[in-house]
Amino acid sequence: MHYFQAKLLKADSKPDQKTGRITHRLIFKSQRFDRGLEEMVDCSQPIKLEEEHHHLLDTYLNYRGRDLCIPIALTAVDGNVYFKTAQDGKPRDLLEKLSVNQKSLESKA
């Protein structure tokens with residue numbers, strides 16, 4: 001299971017060119033390694049909201065500007081990796097996720 005953690009900036013919605021169905025993408029503030037600069041630089045990271053998670057769009061929009069932790073699946077296409085929501089698709093507030101993990105670690109100790 002993979003989780004993506006970052007600040008949610010906005011959501012983009014547009015029709016899919018092939019099917020005509022609405023596609024929602026969550027846009028997060030992230031970082032990537034720039035080979036020319038040889039350092040981490042700010043960038044955006046889109047994550048496709050899977051069709052079975054479209055009902056969660058308003059929930060995500062309520063989290064704009066906050067750090068989230070969301071379950072994701074990775075898809076490789078032509079040497080590129082794309083992210084999409086996975087499992088229940090529900091956003092977790094990053095502070096809430098860290099708190100749950102901390103309690104789990106404390107109970108194991």
Side-chain angles (χ1 to χ4, degrees):
M1 171 179 5
H2 297 282
Y3 283 93
F4 182 79
Q5 299 176 6
K7 182 184 284 188
L8 179 62
L9 299 176
K10 63 181 181 173
D12 285 340
S13 301
K14 64 180 180 179
D16 183 275
Q17 292 178 353
K18 295 178 186 174
T19 65
R21 291 182 178 171
I22 296 294
T23 301
H24 301 292
R25 294 182 322 146
L26 305 169
I27 309 299
F28 288 87
K29 181 176 181 177
S30 190
Q31 288 193 324
R32 66 174 177 81
F33 186 77
D34 184 289
R35 293 177 195 226
L37 296 174
E38 295 184 357
E39 64 182 47
M40 296 298 285
V41 296
D42 287 342
C43 67
S44 64
Q45 177 62 57
I47 297 179
K48 180 182 177 185
L49 193 62
E50 281 294 298
E51 196 165 321
E52 67 259 18
H53 300 144
H54 281 195
H55 67 281
L56 296 170
L57 182 61
D58 287 337
T59 302
Y60 273 102
L61 293 177
N62 288 330
Y63 281 99
R64 271 185 294 203
R66 290 175 51 189
D67 288 329
L68 295 181
C69 182
I70 63 170
I72 60 164
L74 309 173
T75 304
V77 178
D78 297 329
N80 295 315
V81 177
Y82 297 94
F83 297 167
K84 60 185 175 184
T85 56
Q87 297 175 325
D88 63 3
K90 292 182 180 175
R92 281 96 170 147
D93 187 297
L94 184 56
L95 295 175
E96 176 184 316
K97 175 96 170 97
L98 292 174
S99 173
V100 169
N101 284 347
Q102 183 63 31
K103 287 178 185 175
S104 176
L105 291 174
E106 289 171 358
S107 67
K108 291 179 182 179

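On a predicted model such as this, the values are computed, not experimentally measured, just so you know.
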Taking every non-hydrogen atom, the tightest pair across [X] and [Y]:
X     : Y     : result
Tyr63 : Pro91 : CE1-CG, 3.7 Å
Ile27 : Ser44 : CG2-CB, 3.9 Å
Pro15 : Gly20 : CB-O, 3.8 Å
Tyr3  : Gln87 : OH-OE1, 4.0 Å
Phe4  : Gln45 : CZ-CG, 3.7 Å
Ala73 : Ala86 : N-CB, 3.7 Å

Kindly determine whether Tyr82 and Leu74 satisfy side-chain contact (heavy atoms from CB on, under 4.5 Å), including the steps that lead there.
-> CA-CA 6 Å; Tyr82 297 94; Leu74 309 173; over 6 Å; no

How many angstroms lie between atom [atom1] of [X] and atom [atom2] of [Y], to the nearest 0.5 angstrom?
X     : Y     : atom1 : atom2 : result
Thr23 : Glu50 : OG1   : CD    : 9.5 Å
Ser30 : Lys7  : OG    : NZ    : 12.5 Å
Ile70 : Leu8  : CD1   : CG    : 8.0 Å
Leu49 : Thr85 : CG    : OG1   : 4.5 Å
Arg32 : Asp42 : CZ    : CG    : 10.0 Å
Glu51 : His24 : CD    : NE2   : 9.0 Å

Any salt bridge between Arg25 and Asp12, counting N to O under 4.0 Å?
-> yes

Report, as yes or no, whether the 6.0 Å neighbourhood of atom CD on Glu52 holds more than 12 heavy atoms from other residues, nucleotides or ligands.
-> yes

Is it true that Ile47 and Leu57 fall in one hydrophobic cluster, defined by side-chain heavy atoms closer than 4.5 Å?
-> yes

Under 4.5 Å between side-chain heavy atoms, hopping through other hydrophobics if needed: is there a path connecting Val81 to Phe28?
-> yes

What residues, two or more places apart in sequence or in another chain, satisfy side chain to side chain donor-acceptor pair (under 3.5 Å) together with Asp88?
-> Arg92

List in chain and number order the residues that pass side chain to side chain donor-acceptor pair (under 3.5 Å) with Asp58, two or more places apart in sequence or in another chain; answer none if no residue qualifies.
-> none

Only counting residues at least two apart or in another chain, list the ones meeting ring pair (Phe, Tyr, Trp, His ring centres under 6.0 Å) with Tyr60.
-> none

Are any non-hydrogen side-chain atoms of Lys90 and Thr59 less than 4.5 angstrom apart?
-> no

